[in-house]
Amino acid sequence: MGLGEPIGYCAQVTQNNGGDYVYNYAAQGVHIALMGDPTLVMHPYVPPTALSVTDNPEHNNANLSWQPSSDKNIIGYNIYRSNSQTGSYQLISTSPVTGITFTDRSPLVDTNIYMVRAVKLETTPSGSYYNLSPGTRNMITGLIKNGVVAESGVKDNLLITQATNSIEIILEINSTSPVKVEIYDASGRVIGTLDDRTLSSGVYRYDLQTSSIGSGVYFVRAIGMHEPLTAKFLVMH
């Protein structure tokens with residue numbers, strides 16, 4: 001928890017411990033339990049508020065604005081997007097936004113759910129990490145992509161296969177596109193570029209060795225196709 005993980009994650013590590021750290025004869029016993037909210041973190045702070053989302057006259061851009069966090073030492077804001085209020089969110093800002101506005105120039109067709117979270121660098125006796133606030137959310141419907149409805153049945157895919165000290169990233173694209181594939185940490189900072197060129201339709205594979213990067217949550221993001229694609233992976237040493 002001293003490095004930003006919620007109490008639920010820490011409880012799970014304790015429950016599953018079989019050699020990550022010293023344990024006794026009762027390891028993985030049913031007596032290890034968590035009563036309460038598993039999302040609680042050690043260092044919560046005030047989130048941004050009042051997210052507003054509007055479109056442009058062509059209905060193919062989403063303009064976001066919000067009230068800033070009242071907390072100190074905010075680095076910026078991460079922008080996330082989903083196509084459903086109950087779906088998973090993808091990080092769409094390439095780095096923390098330093099202002100309080102953002103324009104999504106490649107929204108999903110029709111429904112777009114947005115979430116904005118503040119980012120600050122937290123320093124504790126355990127080390128330092130980029131701490132994300134709770135999010136402020138809002139949505140917009142009726143958007144189109146690049147002035148036309150997206151092509152039916154044409155979808156690109158980004159998949160991750162994770163091993164002990166590496167991950168395999170599989171990118172499938174369905175048309176020739178100027179593609180960039182990058183790795184981000186949880187704060188939205190780019191830590192590596194896997195590809196940056198025009199790719200023909202096909203399947204592309206990338207191997208990333210995770211032994212050289214620290215433990216934490218990371219994201220692979222591919223842009224330049226019909227829609228940006230993001231996938232998450234976890235590194236634990």
Taking the side chain as every heavy atom from C-beta outward, state whether Ile160 and Tyr218 have any atom pair closer than 4.5 Å.
-> no
Which heavy atom in Leu91 sits nearest to a heavy atom in Arg221, and how many Å separate them?
-> O-NE, 3.3 Å
Distance-only donor-acceptor check, side chains Thr86 and Ser84, under 3.5 Å | yes
Mind checking side-chain contact (heavy atoms from CB on, under 4.5 Å) for Val41 and listing every partner two or more places apart, or none if nothing turns up?
-> Pro6, Pro44
Shortest non-hydrogen separation from Ile173 to Asp156 and the atoms involved | CA-OD1, 3.2 Å
NZ/NE/NH1/NH2 to OD/OE distance under 4.0 Å, Asp207 and Arg205 | no
Begin with the C-alpha distance, continue with both residues' side-chain angles, and end with the deciding distance and a verdict on side-chain contact (heavy atoms from CB on, under 4.5 Å) for Leu171 and Leu194.
-> CA-CA 11 Å; Leu171 174 65; Leu194 301 179; over 6 Å; no
Determine which pairs satisfy ring-ring contact (aromatic ring centres under 6.0 Å, His included) with at least one residue from residues 97-134, sequence neighbours left out, and list them in order.
-> none
For Thr124 and Ser126, indicate whether the former's side chain and the latter's backbone hold a donor-acceptor pair under 3.5 Å.
-> yes
Kindly give the heavy-atom pair with the smallest separation between Pro107 and Asn60, and that separation in Å.
-> CD-O, 3.1 Å
Do you know the tightest heavy-atom contact between Leu121 and Ile75?
-> N-CD1, 3.6 Å
Heavy-atom closest pair (Ser175 atom, Ser201 atom, distance to 0.1 Å) is N-CB, 3.9 Å
Flag for Glu58-Asn56: side-chain donor and acceptor within less than 3.5 Å = yes
Give the cluster check for Ile213 versus Tyr206: same hydrophobic cluster or not, with ILVMFWY residues linked at side-chain heavy-atom distances below 4.5 Å.
-> yes
Tyr45-Ile7 co-clustered via ILVMFWY side chain contacts under 4.5 Å | no
State, with a plain yes or no, whether a side-chain heavy atom of Ile183 is found less than 4.5 Å away from one of Ile169.
-> yes
Is there a side-chain contact between Pro68 and Tyr77 (heavy atoms, below 4.5 Å)?
-> yes
For the residue pair Glu172 and Ile170, establish whether any side-chain heavy-atom pair is separated by less than 4.5 Å.
-> no
Under 4.5 Å between side-chain heavy atoms, hopping through other hydrophobics if needed: is there a path connecting Tyr89 to Val119?
-> yes
Results of side-chain hydrogen bond (donor to acceptor under 3.5 Å, both in side chains) for Tyr80 - residues two or more places apart only = Asn78
Nearest atoms (heavy-atom pairs only) where Val116 meets Pro48 | O-CG, 3.5 Å
Does the side chain of Thr103 come under 3.5 Å of the side chain of Asn63 through a donor N or O and an acceptor N or O?
-> yes
Hydrophobic cluster membership, Val97 vs Ile92, 4.5 Å side-chain cutoff = yes
Report whether Leu199 and Leu158 are members of the same hydrophobic cluster (ILVMFWY, side-chain heavy atoms less than 4.5 Å apart, transitive linking).
-> yes
